[in-house]
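For reference, the structure discussed in these notes is given below.
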Protein chains: 2
Amino acid sequence: MGDRGNDTRDRLVDTALRLFREDGYQATTMRRIATEAGVSLGNAYYYFASKDDLVHELYLAVQREHRELARPRLRRGATLTENLRVALHTGIDVMAPYQGFGGSFLTVALPPSSPTSPFSAASAEARGQAIGLMREVVTSSRGRPSGALLDRLPTLLWLAYLGITLHWVTDSSPEQVRTRRLIDGVTPIITRLVRLARLPVGRRLVTDVGAVMDLVGAPAERVPVTR
Amino acid sequence: MGDRGNDTRDRLVDTALRLFREDGYQATTMRRIATEAGVSLGNAYYYFASKDDLVHELYLAVQREHRELARPRLRRGATLTENLRVALHTGIDVMAPYQGFGGSFLTVALPPSSPTSPFSAASAEARGQAIGLMREVVTSSRGRPSGALLDRLPTLLWLAYLGITLHWVTDSSPEQVRTRRLIDGVTPIITRLVRLARLPVGRRLVTDVGAVMDLVGAPAERVPVTR
DNA sequence: ACCTCCACTTGAACACGTTCAAGTGGAGGA
DNA sequence: TCCTCCACTTGAACGTGTTCAAGTGGAGGT
């Protein structure tokens, strides 16, 4: 009992996430995290290899909350547009407190060296869950696509979500309304593209896009064989 | 004459870019840049506000070389697929020496705080030139699209280029063949989508995409009114 | 010849992220 | 009770990016 280790670890994560929210990335120093968590500086490094490692915790927390908040909001039988809209807006809602984090989010999240990278093997599970959420978006909606696209769509939607996140990070408009508008504008277009897949022209597009995804090794829902 | 200032500045840029190429971002310290350029540490900060400012120079150099290398390679009357392919591959060629730079490229290039950000006002001119290159790709190709799409396509292609760069950064495959394959796979798809714009279905898509771009304020070729 | 000005240069100093050798203390066995 | 072990904790120390008060020197006016 007592669980000295886990207690300290939890206290560090809580303190770090709070400071990240309140003061952003740069202004939150490792010394302050340690002090406010009531431990020494060196001790923080016993639990986390780097400051970026603490951002990884933030990444995981955001992801978890996104999933938990979005799933019950999906309506079985609603349009793809509507369910996708809900999922994307919920994502922005969850990330909102960290907008001040701004570019530093990417600074840490994107580089392939970091385990936070959406493409790294280390975050394969988190990525798989994100794609899984998109699969739920697809399967819970009416008018869902046929075979080939059904398999590809979750990953494609996840990529779209990544792009929207990229826009959000650089979005300095009040309340991030520009990103909100982007979501509202993009979702019907995606739905129209999905419908297009029923026509011969669309079917050919699906085939080609699928081929590229295989060739490049697009992330799948489960840990992919990176070779 | 003598141009003491410009000499020092040029020497700093040359040294920094060389060290970035040879040793990457992190291993290249401001102290080493200053020393190898034959000036004091403080002097480097007289010319460049930050280390990231030197990366901005790298960004500009890469952009300039991309443009200079790609333009003569475009063939008037070739297919859009072919010309776009050339432009994108040339981009990768130019960036290749900096692959080791890896994630740090984005680290510095993407955050909206940094003037290097593709979306910031500070890099509006560089961005405009990049979009301009894509415009040349479009106008030099045969079978170029009609009115509405003709205006939108350059920016859309630039966004595609951004996406491919994003993939390149995290591409650890030898010689970045995966990114090469991505380019070869994506360009014909883009061409097919452009052709689709002639049909009624496609025309409607173009209208909708254009509306979203206006709403969100997508970067234009010239400095946009960011509001 | 002297002075004035200011673009340019310097190195010390600061706070930061990170590392590391040296502890500390409580659980479990003898 | 004492001993051993090791998960956990500590603070000093290193190299980094960045800032700043103090110079330096050459061009141009008198």
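A note on names: the letters A, B, ... follow the listed sequences, proteins ahead of strands, and every chain is numbered from 1. Heavy atoms only: backbone and side chains are in, while hydrogens, waters and symmetry mates are out.
- Rounded to whole Å, the distance from CZ on B:Arg11 to C1' on C:dT9 is 12 Å.
- Here the P atom of nucleotide C:dC8 and the CZ atom of B:Phe48 are 13 Å apart, to the nearest Å.
- Considering only residues two or more places apart in sequence or on other chains, A:His89 meets the ring-ring contact (aromatic ring centres under 6.0 Å, His included) condition with none of them.
- Of the possible polar contacts, one joining the B:Gln63 side chain to the B:Ala126 backbone as a donor-acceptor pair under 3.5 Å is found.
- DNA chain C is contacted by no residue of residues 13-23 of chain A, taking any non-hydrogen atom closer than 4.0 Å.
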I would like to know whether A:Tyr98 and A:Phe20 meet ring-ring contact (aromatic ring centres under 6.0 Å, His included); could you show each step before the answer?
CA-CA 7 Å; A:Tyr98 302 98; A:Phe20 282 154; 7.8 Å; no

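- Here the side chain of A:Asp171 pairs a donor or acceptor atom with the backbone of A:Thr179 at under 3.5 angstrom.
- Between B:Thr8 and the phosphate of C:dT9, there is a side-chain N or O to OP1/OP2 separation shorter than 4.0 Å.
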Enumerate all atom pairs, one protein N or O and one N or O from nucleotides 13-15 of chain D, separated by less than 3.5 Å.
none

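- Every residue meeting the side-chain contact (heavy atoms from CB on, under 4.5 Å) condition with B:Ser141, not counting sequence neighbours, appears here in chain and number order: B:Leu80, B:Asn83.
- Using Watson-Crick or G-U wobble geometry with both donor-acceptor distances under 3.5 Å, D:dG23 finds its partner in C:dC8.
- Rounded to an integer number of Å, the gap from A:Asp53 CG to C:dT19 P is 11 Å.
- Whole-Å rounding puts the A:Lys51 NZ to D:dT16 P distance at 19 Å.
- Figure legend. D:dT18 is base-paired to C:dA13; pairs are counted as Watson-Crick or G-U wobble with both atom distances under 3.5 Å.
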Might you list the N or O atoms of the protein lying below 3.5 Å from N or O atoms in nucleotides 20-22 of chain C, with each pair's distance?
none

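- Annotation: salt bridge (charged side-chain N to carboxylate O under 4.0 Å, His left out) contacts of A:Asp93 (sequence neighbours excluded): A:Arg73, A:Arg180.
- Note: CE (B:Met30) to P (C:dC14) measures 20 Å, nearest angstrom.
- B:Thr28 pairs by the side-chain hydrogen bond (donor to acceptor under 3.5 Å, both in side chains) definition with nothing, not counting sequence neighbours.
- The salt bridge (charged side-chain N to carboxylate O under 4.0 Å, His left out) check on A:Arg67 picks up nothing, with sequence neighbours excluded.
- For the contact set between residues 33-40 of chain A and DNA chain D, defined by any heavy atom under 4.0 Å, the members are A:Val39, A:Ser40.
- Projected onto DNA chain C by closest heavy-atom contact, A:Ala49 and A:Ala27 fall at different nucleotides, the more 5' of which corresponds to A:Ala27.
- Legend: salt bridge (charged side-chain N to carboxylate O under 4.0 Å, His left out) pairs involving residues 38-48 of chain A, not counting sequence neighbours: none detected.
- Between A:Gln129 and A:Leu133 the shortest side-chain heavy-atom distance does not fall below 4.5 Å.
- Remark: B:Glu22 CD is packed, more than 12 non-hydrogen atoms of other residues, nucleotides or ligands lying under 6.0 Å away.
- Here the side chain of B:Tyr46 is nearest to one of C:dT18, D:dT18, C:dT9, namely C:dT9.
- B:Thr15 pairs by the side-chain hydrogen bond (donor to acceptor under 3.5 Å, both in side chains) definition with nothing, not counting sequence neighbours.
- Just one of B:Thr155, B:Leu156, B:Leu150 meets the side-chain contact (heavy atoms from CB on, under 4.5 Å) condition when paired with B:Arg152; it is B:Leu156.
- The side-chain hydrogen bond (donor to acceptor under 3.5 Å, both in side chains) check on B:Glu36 picks up B:Arg18, B:Arg32, with sequence neighbours excluded.
- Atom CG in A:Asp52 sits about 17 Å away from atom P in C:dC16, given to the nearest Å.
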